[in-house]
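Structure first, commentary second.
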Amino acid sequence: MPAPASLPALLLDWYDRHHRRLPWRAPPGGRAEPYHVWLSEIMLQQTTVAAVGPYFTRFLDRWPNVTALADAPIEDVLAEWAGLGYYARARNLHKCATVVRDDYAGRFPETEEGLLALPGIGPYTAAAIAAIAFDIPATPVDGNFERVMARMHAVETPLPDAKPELKQLAAALTPEHRPGDYAQAVMDLGATICTPRKPKCLTCPWSAPCAGRIAGIAEELPKKKKKAPKPTRKGVAFWIANGRGEVLLRRRPPIGLLGGMVEIPSSAWRKEEQPLNRALAEAPVRTEWTKLPGMIRHTFTHFHLELEVYRGRATGSKPVDCFWHPVEKIGEAGLPSVMAKIAKHALRHT
DNA sequence: AACTCGTGGAG
DNA sequence: TCTCCAAGAGT
């Protein structure tokens, strides 16, 4: 009578039969490039595989290695990242590339601790790169890992309080053999079988030993604390054209919300409705304004935004902190999504 | 420790 | 429409 397969072995067997071919994964039998693993893991932070795909391909096409990325102007990196969100990732991505170029001769450090010290690389990403690129038995505990462990061990403590316990349970299970494939297997399991809603326990390779399934509470796990409701902020955006088919844009301050990104100038975004003349006084130029119909609605991580759009023409010199950009090339301006939404709305009413 | 920081798809 | 949420990190 053969001994029952270990949990990791069970999952690796499932992974070998079901794993998805993704642009950043090495072909079967091949070795994953640290640069590819790093770039994909940064992009995948709080971001879906579907959203990352085209960005990863474009970055790799434009900057085929970490030194090329480090040599690029930060403005180019931010423009290429536009639309993917969480722009501090792009700022830290470029900073990290320069550190790897200048302090590590263009090669990523091959230890979890070394990776953890780099900008934009936290506990999850350091473990992911270590395991996937360097075959180190590290445990990258992401949302998938937490959900799978909470169910497997029927942990009823709500997140985020349960994080230390879930991390410990995950680490105790990490195999010495194929740790990178194992980590990706757990994440694939969480993404396709052990999903937040309606987990497919009938086809799960870990169904038999799963305490959450046995107790009939798998779908209720992990428990989470309730989130605070999002407030709404309001403002006025300014679509300002000149006589040469150009629109006035501006670069935001280098930190904070949309830090370093190109924007369509707007008034401050306030919690309360503001008098129109106060908002217009915050425009980068003084001119005659036409209110465009409708409104822009956009939701950020922690607040809703409502923007009215006013169109105007600039005749004099441009404000010092702004620049002109051809309207027909607005798609290449590197606008974050909320700004692209404003531009689309303005062009529809021009 | 709690808060900030985007976006688009799913239900 | 509205909430949830996806391979988290920095402060």
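Order of the sequence lines sets the chain letters (A, B, ...), proteins ahead of strands, with each chain counted from 1.
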**Prompt:** So do the side chains of Val49(A) and Leu22(A) get within less than 4.5 Å of each other, counting heavy atoms only?
**Reply:**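 A side-chain contact exists here, since the closest heavy-atom pair is under 4.5 Å.
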
**Request:** Measure the shortest side-chain to side-chain distance between Lys167(A) and Thr139(A) over non-hydrogen atoms and say whether it is less than 4.5 angstrom.
**Result:** no

Taking only the side-chain heavy atoms of [X] (C-beta and beyond), determine which of [options] contains the nearest atom.
X         : options                 : result
Arg197(A) : dG11(B), dT7(B), dG8(C) : dG11(B)
Asn92(A)  : dA6(C), dC5(B), dG10(C) : dG10(C)
Tyr124(A) : dC5(C), dG8(B), dA9(C)  : dA9(C)
Asp142(A) : dC4(C), dG8(C), dG6(B)  : dG8(C)
Ser337(A) : dG8(B), dC4(C), dG8(C)  : dG8(B)
Pro336(A) : dT7(B), dG10(C), dG6(B) : dT7(B)
Tyr86(A)  : dC5(C), dA9(C), dC5(B)  : dC5(B)
Gln45(A)  : dT7(B), dG6(B), dA9(C)  : dA9(C)

Distance check needed: [N] [atom2] versus [X] [atom1], whole Å only.
X         : N       : atom1 : atom2 : value
Lys224(A) : dA2(B)  : NZ    : C1'   : 17 Å
Met43(A)  : dA9(C)  : CE    : P     : 16 Å
Leu335(A) : dT7(B)  : CG    : P     : 11 Å
Met339(A) : dG6(B)  : CE    : C1'   : 12 Å
Ile342(A) : dT7(B)  : CD1   : P     : 11 Å
Leu115(A) : dA9(C)  : CG    : P     : 12 Å
Lys95(A)  : dG10(C) : NZ    : P     : 9 Å
Lys230(A) : dC5(C)  : NZ    : C1'   : 10 Å

**Request:** Mark yes or no: Arg252(A) above the aromatic ring of Trp269(A), with NZ or CZ under 6.0 Å from the six-membered ring centre and no more than 45 degrees from the axis.
**Result:**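 Yes, Arg252(A) and Trp269(A) form such a contact.
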
**Request:** Tell me, please, whether Tyr55(A) has Arg58(A) positioned over its six-membered ring: NZ or CZ under 6.0 Å from the ring centre and within 45 degrees of its axis?
**Result:** yes

It should be established whether [X] places a side-chain nitrogen or oxygen under 4.0 Å from OP1 or OP2 of nucleotide [N].
X         : N      : value
Gln46(A)  : dA6(C) : no
Lys227(A) : dC5(C) : yes
His298(A) : dT7(B) : yes

What contact category does [X] fall into here, base, sugar-phosphate, or nothing, at under 4.0 angstrom with non-hydrogen atoms?
X         : result
Arg147(A) : sugar-phosphate
Thr299(A) : base
Thr301(A) : base
Arg20(A)  : base
Gly190(A) : nothing
Leu116(A) : nothing
Pro140(A) : nothing
Leu84(A)  : base
Val52(A)  : nothing
Tyr87(A)  : sugar-phosphate

**Prompt:** Considering only the P atoms, how many Å lie between dT11(C) and dG6(B), rounded to the nearest integer?
**Reply:** 14 Å

**Asked** If we take the C1' atom in both dA6(C) and dC5(B), what is their distance in whole Å?
**Response**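 My reading of the C1' atoms in dA6(C) and dC5(B) gives 15 Å.
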
**Complete:** Of Gly259(A) and Asp161(A), the one whose closest nucleotide on DNA chain B sits nearer the 5' end is Asp161(A)

**Request:** Between Pro160(A) and Thr48(A), just flag the one whose closest nucleotide in DNA chain B comes earlier from the 5' side.
**Result:**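 This one resolves to Pro160(A).
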
**Prompt:** Can you find a donor-acceptor N/O pair under 3.5 angstrom joining the side chain of Thr47(A) to the base of dG6(B)?
**Reply:**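 Such a pair exists between side chain and base.
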
**Item:** Pair Arg213(A), Ser207(A): side-chain N/O donor-acceptor within cut-off below 3.5 Å
**Value:**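 Per modelled atom types, Arg213(A) and Ser207(A) side chains form a pair under 3.5 Å.
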
**Prompt:** Is the closest side-chain donor-acceptor distance between Tyr124(A) and Gln45(A) under 3.5 Å?
**Reply:**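 No - no donor-acceptor pair under 3.5 Å links their side chains.
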
**Fill in**
Nearest heavy-atom contact between Ala170(A) and Val141(A) is CB-CG2, 4.0 Å

**Message:** Between His304(A) and Gly120(A), which residue's closest nucleotide on DNA chain C lies nearer the 5′ terminus?
**Reply:**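 It is His304(A) whose nearest nucleotide is closer to the 5' end.
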
**Asked** Which of these, Glu306(A), Lys341(A), His304(A), sits in a side-chain hydrogen bond (donor to acceptor under 3.5 Å, both in side chains) with His298(A)?
**Response**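 Of the listed residues Glu306(A), Lys341(A), His304(A), the side-chain hydrogen bond (donor to acceptor under 3.5 Å, both in side chains) partner of His298(A) is Lys341(A).
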
